[in-house]
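This chain uses plain numbering: 1 for the first residue, then up along the sequence. Atoms considered below: every heavy atom in the structure, side chains included; atoms not considered: hydrogens, waters and symmetry mates.
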Amino acid sequence: MRNSTFSHSFKVSTIMEAGSYAVLHDHFTEMRTRWFEKVMNSPKVVGASVGFIFPLIILSYCNESVNSILAFCWQCFIKPFTSETNNHNQQHNLEQFYKSQAKLYDRTRRILLQGREESLKLSLSHLDKREGNVWVDIGGGTGYNISHMSILTDLSKTFKKIYIVDLSPSLCEVARERCKKNGWNNVEVICGDACDFEIPEEAAQLITFSYSLSMIPSYYAAVDHALDLLDGKSGIISCIDFGVTNNAMLVGRINTLGGMINRHIPWLYRTFWRLWFEFDKVFLDPGRREYLEYRFGTIKSLNCYNNKLGKIPYYIWLGCNKDHEKHLQVRFTELAPTSPYLAPVNSSLTDNKSIPQALVAALDNSRKGLPYPSLFYQKQHWRVYYDELNPEYNQFKSSYIYAFTWEDPIEDVKILNIQSDDTILAITSAGDNILHYASLAKPPKRIHGVDLNPCQGHLVELKLAAIKALEYDQMWSMFGLGKIENFREILLNKLAPHLSSNAFQYWYENGEKAFNPNGQGLYDTGFTKWALRLARWIFTITNITDEVSMLCAATSLKEQRRVWDEKVKPVLFNKLIGKLLVGNPMFLWSALGVPKNQAKMMGTSTLQYLIDTLDPIIDKYLISNDNYFYYLTLKGQYSHDSCPAYLKDKNFSILSQEDSGSSLDRIRLHTDTLKNVCERLSEKMVSIAIIMDHMDWFDPRSTAVDDEVQALFKVLDAKGRVMLRSASKNPWYIKSFEKHGFKCKPVSVRYPGKCIDRVNMYASTWICQKITTHIKPTRRVSTLELESS
């Protein structure tokens with residue numbers, strides 16, 4: 001009876017869709033056939049066609065491109081009405097379709113078969129760099145994939161042997177001619193069935209399907225055969241093909257898919273393209289892809305449209321052996337020290353909040369015979385498993401808020417005296433703070449980043465991948481200047497192996513725009529882009545852009561103060577700007593990421609709060625080389641003298657080292673609430689929690705703060721400390737810390753004219769020290785009591 005409701009609704013919806021599709025298919029076939037017969041029997045149409053087509057036929061003898069187009073149109077749009085299919089002989093059917101167009105196949109498919117090059121680049125970037133690799137290209141046809149791969153790598157060095165497998169003798173003959181012409185001695189063409197061909201090697205390290213799976217009738221047998229051939233530990237299987245799916249078909253296996261971006265194909269495209277392609281015996285039904293995702297673990301997944309030809313949906317997918325892939329053991333080994341609980345397979349897990357979500361999902365998938373969640377098969381283990389469909393993520397609208405981190409990590413290190421035996425739990429934000437801790441001479445043994453916004457995790461993953469995979473100059477272009485040429489090429493060839501599939505999907509979709517060298521760059525993204533845009537707008541209309549550049553280039557505090565007082569300050573602190581913008585709650589949230597609860601803690605005048613923030617900085621920190629927060633705000637990019645620690649050349653060298661002791665490998669990114677993460681980590685595991693201004697966001701009438709403080713108390717060790725910042729000198733929630741076993745004191749308080757750090761945005765910084773002799777309270781204060789007080 002388990003999942004009976006889901007099974008029933010799924011079957012009903014599937015049957016309804018299948019039924020409506022069958023009816024549509026019959027009507028569409030009849031309509032298209034009648035239209036063809038009517039057109040061809042019309043004297044006017046025939047006469048016009050002769051007058052138009054006859055010159056094209058003459059031209060085709062002189063022009064190879066026109067000849068190719070005419071042949072393609074005949075084979076794909078007209079011949080399906082005039083040919084007969086042999087339901088017992090697939091090879092006959094393929095030959096009937098391909099024999100007359102084999103020689104010009106590649107020329108006629110460049111626009112139709114989009115993404116083949118990207119698929120090969122992705123496959124190559126994930127392939128183990130070792131001698132003796134074997135590549136099997138199933139449905140490889142004319143050998144186009146081999147030609148393109150030869151541009152990407154030296155075939156003789158990367159592969160010991162390459163097999164092109166295809167059932168069409170005509171296409172195989174073209175492939176053999178291509179191999180002979182290019183001198184590929186390690187390439188062999190096999191004219192055989194994808195379901196049972198044989199190779200002498202024990203296993204293949206790379207298997208590819210390139211627009212071929214949709215044409216194989218017994219696709220399940222072909223996929224099973226590929227599984228038998230694939231190297232279980234390090235083998236990669238890749239597939240690019242047309243395909244359609246919808247959300248109703250994904251229930252119960254979302255975590256295996258590697259991300260949901262563009263996964264749902266709207267009904268019109270889903271139906272029309274399935275009908276259209278079936279005339280050429282190309283089947284876009286989702287079963288083929290679903291079977292791949294069932295038999296293999298998903299490493300990467302992309303869902304795309306061919307926008308050049310009417311938004312034809314296609315996908316690029318990369319997988320591995322779902323049971324024996326080499327990264328699985330590391331994932332499971334890591335779950336033991338982070339959780340106090342490892343449950344037997346037959347136990348109930350879902351009600352126990354102390355169990356990692358990853359373990360719950362993995363055991364649940366195992367019981368159903370599904371692959372483990374896609375995150376289990378990734379090369380890097382930075383990203384902790386999360387439920388992509390958690391409704392709490394909906395509020396972030398598929399974008400991060402912060403493209404850079406506002407808090408000053410130098411002050412964190414100074415106040416907390418961070419040591420190598422510390423385990424830090426910190427708000428992720430844009431990751432600049434986390435990377436600063438990792439850049440220390442003696443970095444902490446573990447850094448847990450926590451953020452409920454999945455896109456903040458995607459951004460930090462990209463930074464980690466860039467440090468791991470790129471040269472310093474490329475890293476600087478991406479995150480120092482916020483712009484880089486050929487972002488997508490870099491993503492596919494270098495960054496992808498170090499990203500989770502979810503983050504990879506996000507940056508494949510959004511990265512080219514974010515890092516566009518002709519645009520404003522990375523720091524003009526996220527919610528905080530509006531603050532930077534406003535600053536540029538104000539500087540432009542008030543004609544002080546040059547003076548702002550002078551402020552950012554000042555070499556002395558005296559010069560900096562002069563430019564500030566005479567040119568910049570009168571504009572920024574204008575009362576009209578303060579009233580319309582800075583004092584507007586909507587602007588504070590959308591542009592600066594300040595929620596309404598925090599805005600109330602700033603006092604009666606938001607403009608005065610801003611003055612108290614900015615004015616004292618001018619006399620203490622040079623923006624040109626000692627305050628990268630405001631350099632970025634004013635200039636839209638960093639300079640080599642004024643940038644976060646991870647962008648410094650010397651720190652980059654330390655972070656990018658390849659040995660197992662790399663401090664990047666100590667980072668874990670959680671996509672969840674702080675409370676949930678604390679409850680799922682082992683008790684007394686964390687020595688320092690750095691929660692920024694996180695608690696300013698809470699509603700004072702809620703009991704959520706009490707819950708979070710108790711969760712922090714549980715996860716902190718005997719000498720554990722919480723560091724927090726607040727827009728108030730006396731945050732209301734400090735009483736909750738004291739009530740639940742912490743001794744709290746402000747380590748810095750901002751007064752008019754005083755600067756407490758390089759950002760100076762917060763009114764106070766606090767340290768809450770855990771008291772080990774504390775006895776937990778027997779009851780919690782109710783919401784009603786808080787309201788009355």
Query raised in the report: To the nearest 0.5 Å, how far apart are CG in L257 and OG in S501?
Result: 9.0 Å
Query raised in the report: So, for H225 and F197, is the gap between ring centers shorter than 6.0 Å?
Result: yes
Report task. Test D387 against Q357 for side chain to side chain donor-acceptor pair (under 3.5 Å), laying out the working first. Result -> CA-CA 8 Å; D387 177 9; Q357 288 178 299; 5.6 Å; no
Requested in this report: Start with the C-alpha distance between E708 and H694, add both sets of side-chain angles, then the distance that settles side chain to side chain donor-acceptor pair (under 3.5 Å), and finish with yes or no.
Outcome: CA-CA 11 Å; E708 191 164 284; H694 162 71; 2.7 Å; yes
**Report entry** Interatomic distance, H498 atom NE2 to L462 atom CG [nearest 0.5 angstrom]
**Finding:** 12.0 Å
Query raised in the report: Near Y294 OH, under 6.0 Å, is it more than 12 heavy atoms from other residues, nucleotides or ligands?
Result: no
Query raised in the report: Can a salt bridge be assigned to the pair K300 and E293 using a cut-off of 4.0 Å between side-chain N and carboxylate O?
Result: no
Report task. Scan I236, V223, D323, L318 and name whichever one has a side-chain contact (heavy atoms from CB on, under 4.5 Å) with F296. Result -> V223
Query raised in the report: If only atom types and distance count, is the side chain of D451 paired as donor or acceptor with the main-chain N or O of I427 below 3.5 Å?
Result: no
Query raised in the report: Are any of the side-chain nitrogens in R130 or D231 under 4.0 Å away from the carboxylate oxygens of its partner?
Result: yes
Query raised in the report: Going through the distances and angles, do L716 and K684 end up as a side chain to side chain contact (heavy atoms under 4.5 Å, CB included)?
Result: CA-CA 4 Å; L716 286 169; K684 301 179 182 179; over 6 Å; no
Report task. Could you check R668 against H381 for side chain to side chain donor-acceptor pair (under 3.5 Å), going step by step and ending with a plain yes or no? Result -> CA-CA 7 Å; R668 296 294 179 268; H381 303 113; 5.4 Å; no
Query raised in the report: Under the 3.5 angstrom rule, does the side chain of T208 hit a backbone N or O of S238 as a donor-acceptor pair?
Result: no
Query raised in the report: Between L250 and R263, is any pair of side-chain heavy atoms under 4.5 Å apart?
Result: yes
Query raised in the report: When rounded to the nearest 0.5 angstrom, what distance separates OG in S374 from CZ in R253?
Result: 12.5 Å
**Report entry** Donor-acceptor under 3.5 Å (R666 side chain, P443 main chain)
**Finding:** yes
Query raised in the report: Do you know the tightest heavy-atom contact between N365 and P371?
Result: ND2-O, 2.8 Å
Report task. For the residue pair Y393 and Y386, categorise the inter-ring angle as parallel (less than 30°), tilted (30 to 60°) or perpendicular (more than 60°). Result -> perpendicular
Query raised in the report: Is there a donor-acceptor pair closer than 3.5 Å between any side-chain N or O of S500 and the backbone N or O of A503?
Result: yes
Query raised in the report: Has the side chain of D672 got a donor or acceptor atom that lies under 3.5 Å from a matching backbone atom of V677?
Result: no
Requested in this report: Drop me the distance from I690's CD1 to L425's CG, to the nearest 0.5 angstrom.
Outcome: 9.0 Å
**Report entry** Lys/Arg-Asp/Glu bridge criterion (N-O < 4.0 Å) met for R446, D665
**Finding:** no
Query raised in the report: Do any N or O atoms from the side chain of S119 and from the backbone of G115 form a donor-acceptor pair under 3.5 angstrom?
Result: no
Requested in this report: Would you check if the side chain of N453 reaches a backbone N or O of S399 as a donor-acceptor pair within less than 3.5 Å?
Outcome: yes
Query raised in the report: When you look at Y733 and F698, which way does the ring pair (Phe, Tyr, Trp, His ring centres under 6.0 Å) test go after all the steps?
Result: CA-CA 9 Å; Y733 46 78; F698 283 91; 8.0 Å; no
Query raised in the report: Does the pair R488/E118 count as a salt bridge with the N-to-O cut at 4.0 Å?
Result: no
Query - Shortest non-hydrogen separation from S682 to V715 and the atoms involved - result: O-CG2, 3.7 Å
Report task. State, yes or no, whether a side-chain contact exists between N262 and E509 at a heavy-atom distance under 4.5 Å. Result -> yes
Query raised in the report: Do L724 and F737 have side chains that get closer than 4.5 Å, going by heavy atoms?
Result: yes
Query raised in the report: Do I434 and T428 pass the side chain to side chain contact (heavy atoms under 4.5 Å, CB included) test, and can you show the C-alpha distance, the side-chain angles, and the key distance before you say yes or no?
Result: CA-CA 7 Å; I434 288 174; T428 304; 4.2 Å; yes
Requested in this report: Find out whether L302 and Q505 are in side-chain contact, i.e. whether some heavy atom of one side chain is under 4.5 Å from a heavy atom of the other.
Outcome: yes
Query raised in the report: Within a strict 4.5 Å, meaning less than it, do heavy atoms of the L669 and E461 side chains meet?
Result: yes
**Report entry** Side-chain heavy atoms of Y400 within contact of S429, under 4.5 Å
**Finding:** no
Query raised in the report: Under 3.5 Å, is there a donor-acceptor pair between the H458 and R383 side chains?
Result: yes
Query - Nearest heavy-atom neighbours spanning R289 and S301 - result: NH2-OG, 2.9 Å
Query - Nearest heavy-atom neighbours spanning L499 and Q378 - result: O-OE1, 3.2 Å
Query raised in the report: Taking the six-membered ring for Trp, is the centroid-to-centroid distance between Y314 and Y305 below 6.0 Å?
Result: no
Query raised in the report: Can you check whether I237 reaches W317 side chain to side chain, under 4.5 Å on heavy atoms?
Result: yes
**Report entry** L363 side, atom CG; K368 side, atom NZ - distance, nearest 0.5 Å
**Finding:** 12.0 Å
Requested in this report: Give a yes or no answer on whether the side chain of S125 reaches the backbone of N493 with a donor-acceptor pair at less than 3.5 Å.
Outcome: no
Query raised in the report: Checking N133 side chain against D128 main chain: does a donor-acceptor pair fall under 3.5 Å?
Result: yes
Query raised in the report: Is any side-chain N of the basic residue among D422 and K445 closer than 4.0 Å to the acidic one's carboxylate O?
Result: no
Report summary line: Nearest heavy-atom contact between L416 and I688 is CD1-CG2, 3.7 Å
Query raised in the report: Any sub-3.5 Å donor-acceptor pair from T671's side-chain atoms to V384's backbone N or O?
Result: no
Report task. Determine, step by step, whether T673 and N676 satisfy the side chain to side chain donor-acceptor pair (under 3.5 Å) criterion, reporting the C-alpha distance in whole Å, the side-chain angles of both residues, the deciding distance to 0.1 Å, and the verdict. Result -> CA-CA 5 Å; T673 64; N676 286 345; 3.1 Å; yes
Query raised in the report: Can you tell me how far the OG atom of S439 sits from the OH atom of Y646, to the nearest 0.5 Å?
Result: 10.0 Å
Query raised in the report: Between F504 and L492, does a side chain to side chain contact (heavy atoms under 4.5 Å, CB included) hold up when you go through it step by step?
Result: CA-CA 9 Å; F504 174 68; L492 289 167; 3.9 Å; yes
Requested in this report: Answer yes or no on whether R274 is positioned over the face of F283, meaning its NZ or CZ is under 6.0 Å from the six-membered ring centre and within 45° of the axis.
Outcome: no
Report task. Measure from NZ or CZ of K770 to the centre of the six-membered ring of F713 and say whether it is under 6.0 Å with the direction within 45° of the ring axis. Result -> yes
**Report entry** Residue pair L127 / W135, side-chain heavy-atom distance below 4.5 Å
**Finding:** no
Query raised in the report: What are the two closest heavy atoms between G369 and K322, and how far apart are they?
Result: O-NZ, 2.9 Å
